[in-house]
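Below, chain A is the first sequence line, B the second, and so on; all start at residue 1. This one's a predicted model, so the numbers in the text were calculated from it and none came from an experiment.
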2 protein chains.
Amino acid sequence: MKDVAAAAGVGLKTVSRVVNEESGVSPAMAARVRAAIAELGFRRNDSARLLRTGSTASVGLVLEDIGDPFSSTLSRGVEAVAREHGCLLFAGSSAEDPDRERELALALCARRVDGLLVVPAGGDHGYLLPETASGLAVVFLDRPGAGIEADAVLSDNAGGAPAGTAHLIAHGHRRIGFVGDLPHIHTCAERLRGYREAMGTAGLPVDERWIATGPTDPATVGRAVRRLLTDGPDGRAEPVTALFTANNRVTLAALQALAGLPARPAVVGFDDLELAALLSPGLTVVAQDPETLGRTAARLLFDRLGRDTSPPRRVELPTRLIVRGSGELPPA
Amino acid sequence: MKDVAAAAGVGLKTVSRVVNEESGVSPAMAARVRAAIAELGFRRNDSARLLRTGSTASVGLVLEDIGDPFSSTLSRGVEAVAREHGCLLFAGSSAEDPDRERELALALCARRVDGLLVVPAGGDHGYLLPETASGLAVVFLDRPGAGIEADAVLSDNAGGAPAGTAHLIAHGHRRIGFVGDLPHIHTCAERLRGYREAMGTAGLPVDERWIATGPTDPATVGRAVRRLLTDGPDGRAEPVTALFTANNRVTLAALQALAGLPARPAVVGFDDLELAALLSPGLTVVAQDPETLGRTAARLLFDRLGRDTSPPRRVELPTRLIVRGSGELPPA
DNA sequence: CTGAAAGCGCTTACAG
DNA sequence: CTGAAAGCGCTTACAG
């Protein structure tokens with residue numbers, strides 16, 4: 001910019017005016033500046049501009065895994081809203097590791113993103129307190145944050161999980177397995193609670209051996225599914241006749257495991273899958289709307305940037321039971 | 001930082017040394033600085049640091065749609081490599097719109113990202129010339145760039161598309177429909193070329209009415225599929241007995257359309273889908289490896305940042321035919 | 001309509 | 001071991 005000013009024989013501020021299309025520059029001068037800009041191939045450095053301005057026109061998004069369908073659909077919603085606000089999006093994955101979440105979130109803070117959207121991996125977000133104290137806006141998605149007062153946008157797990165479980169019960173199932181991811185993850189815990197609630201409401205006992213939580217790799221989930229379906233001999237639990245799978249990766253792994261087994265338990269999954277309707281039977285799910293989740297959280301974030309100082313809100317988005325066949329199979 | 005220096009009664013540079021854990025600060029002084037940092041809640045502004053340093057420790061990624069499974073898996077690969085290099089990732093979607101691609105890419109350039117990864121939407125990337133001239137590294141993914149000399153990492157369309165088509169021919173099909181997205185998109189054009197090549201190699205004529213390209217929304221693809229399968233009366237083309245669907249969204253939409261039809265054509269899709277193995281019949285595909293695509297492109301980008309000045313390379317990643325049933329159905 | 005000075009929050013290059 | 005000065009590339013606040 002200094003070079004442009006020198007080349008055009010004008011002051012720095014005049015170049016700035018032309019670059020920013022501010023009014024009050026004589027046409028002759030503007031033309032001279034534009035010529036110099038073209039000749040030198042000048043392009044304004046926005047990082048420098050934003051340093052002076054105070055904002056960074058960017059938001060950070062900490063996901064579980066940028067490549068997961070749930071996360072990426074959520075990102076699409078966030079990106080759309082960020083775009084509307086002229087903001088660029090930093091995206092990164094925590095891989096469900098609290099240290100990585102923290103590291104990533106703080107790196108984003110150090111860049112002074114205007115706002116931060118976090119799908120929590122860890123159970124304590126107190127590390128963000130100094131950041132919010134100095135003006136950072138934070139919104140949690142999919143799971144609430146802890147150790148800090150901030151907005152959260154979640155799916156209605158407390159409504160969806162009982163609805164899915166009750167659907168299986170309504171189709172005659174009394175022994176229903178719950179397959180979830182790590183039990184300390186908020187969504188897993190909430191959905192498990194919902195499962196128990198629906199069983200209780202129906203007056204059905206829950207055998208703790210029907211509950212399988214853990215890593216979501218196909219091998220682990222496969223073992224869990226086989227166990228749930230074959231327990232029974234030697235005084236162990238009776239096999240379940242239906243499965244409630246608590247998220248997209250668990251459902252996928254469970255379906256893969258079932259493909260290799262003779263048993264045809266009923267299945268209701270939490271989260272929709274891309275080809276769910278084309279399976280036979282079609283996969284009955286409790287669908288979330290990850291794109292709206294992302295949009296809603298981003299809107300809330302920008303409201304906060306716009307000096308909305310009302311108390312932190314918790315928004316719950318409805319889930320929707322989509323009946324396609326797998327959840328209506330009768331008990332074996 | 002100035003405040004910290006004042007509070008600790010030291011010079012600015014000493015604070016900088018402590019913050020950056022540089023050696024050569026007396027323990028007493030360091031302790032005093034650290035106390036001031038804690039008290040004031042000081043956190044270094046990386047944007048300011050990077051302005052001075054010259055790099056931004058960030059890369060930009062311009063995708064077609066951050067929420068698409070192909071794009072997001074690709075992002076996962078890019079992110080992993082960026083992380084290894086201590087870089088943050090800006091991600092954005094072009095929505096297959098050349099203007100948005102350009103706008104997004106230039107916004108990223110204005111932020112002075114160290115490198116740019118672009119899945120081209122437009123057919124001319126000459127607008128990046130001034131950027132690369134001043135040191136920006138650019139790598140194209142999935143499709144080559146145009147109007148600029150730069151690296152490109154692609155899937156082997158020229159090998160994969162004929163392989164998929166030949167697979168259908170080997171199972172007895174002579175009238176095979178090609179369903180693709182917009183014909184000007186490089187991958188669509190290449191795959192169509194591969195389809196024609198395989199048909200030619202087998203000595204089979206191609207009726208132009210067997211080729212359907214256009215938007216990938218379910219309605220449009222559905223119409224195309226129905227037309228391909230029912231043409232025949234009143235002197236029009238004979239219906240096809242098999243479909244080669246040229247990417248993930250087209251395949252998905254085609255399968256949805258087929259679910260509502262009596263016909264059971266053989267299908268081979270380009271791109272794998274999450275539940276492909278669980279359909280009945282299983283979906284035979286020519287699989288790409290989007291994560292490796294992303295990783296490879298990001299590695300190439302960082303090589304370039306490391307002053308690798310060899311001539312631009314074009315890397316082609318192999319595709320893999322995965323046989324699952326739908327591609328082996330005999331002609332009706 | 002135009003521009004010189006100060007400053008955004010850091011680091012670099014240098015001197016003590 | 002320590003720090004004052006200059007500068008990264010811009011904008012803000014002000015004066016003419």
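Looking at every heavy atom in both residues, B:Cys188 comes nearest to B:Asp181 through CB-OD1, 3.2 Å.
Distance check, rounded to the nearest 0.5 Å: CZ of B:Arg112 to OG of B:Ser58 gives 11.5 Å. Here the straight-line distance linking atom OG of A:Ser72 with atom CG of B:Leu74 works out to 12.0 Å at 0.5 Å rounding.
The partner of C:dA4 cannot be assigned: no Watson-Crick or G-U wobble pair with both contacts below 3.5 Å exists in any strand. Across every strand in view, D:dA13 sits unpaired, with no contact that passes the Watson-Crick or G-U test at under 3.5 angstrom.
The shortest side-chain heavy-atom distance between B:Glu103 and B:Ser94 does not fall under the 4.5 Å cut-off.
Within the 4.0 angstrom heavy-atom criterion, only backbone atoms of the sugar-phosphate kind lie near B:Arg44; the bases stay farther away. At a threshold of 4.0 angstrom between heavy atoms, the contacts of B:Val10 are confined to the sugar-phosphate backbone, with no base atom among them. When heavy atoms are screened at a 4.0 angstrom cut-off, B:Asp46 is found touching no nucleic acid atom at all.
The existence of a salt bridge linking A:Glu149 and A:Arg313 is excluded, since no basic side-chain nitrogen approaches an acidic carboxylate oxygen closer than 4.0 Å.
Remark: A:Ser26 is in phosphate contact with C:dT2, judged by side-chain N or O atoms under 4.0 Å from OP1 or OP2. At least one side-chain nitrogen or oxygen of A:Lys2 sits closer than 4.0 Å to the OP1 or OP2 atom of D:dC8. Between B:Asn45 and the phosphate of C:dC8, there is no side-chain N or O to OP1/OP2 separation shorter than 4.0 Å.
When each of B:Ala48 and B:Pro27 is assigned the nucleotide of DNA chain D with its nearest heavy atom, B:Pro27 is the one assigned upstream, toward the 5' end. Both B:Ala30 and B:Leu51 lie near DNA chain D, and the one whose nearest nucleotide falls closer to the 5' end is B:Ala30.
When the P atom of D:dG9 is taken as reference, atom CZ of A:Arg43 falls 11 Å away, rounded to whole Å. In this structure, NZ of B:Lys13 is placed 7 Å from P of C:dT11, rounded to the nearest angstrom. We find that CZ of A:Arg49 is positioned 18 Å from P of C:dC8, with the value rounded to whole Å.
Of the candidates D:dC10, C:dT11, D:dT11, the closest approach to any side-chain atom of A:Ser16 belongs to D:dT11. Out of C:dT2, C:dC14, C:dC8, the shortest distance to the side chain of B:Arg17 is found at C:dC14. Taking the side chain of B:Thr14 as heavy atoms from C-beta on, and the options C:dT2, D:dT11, D:dG3, the nearest nucleotide is D:dG3.
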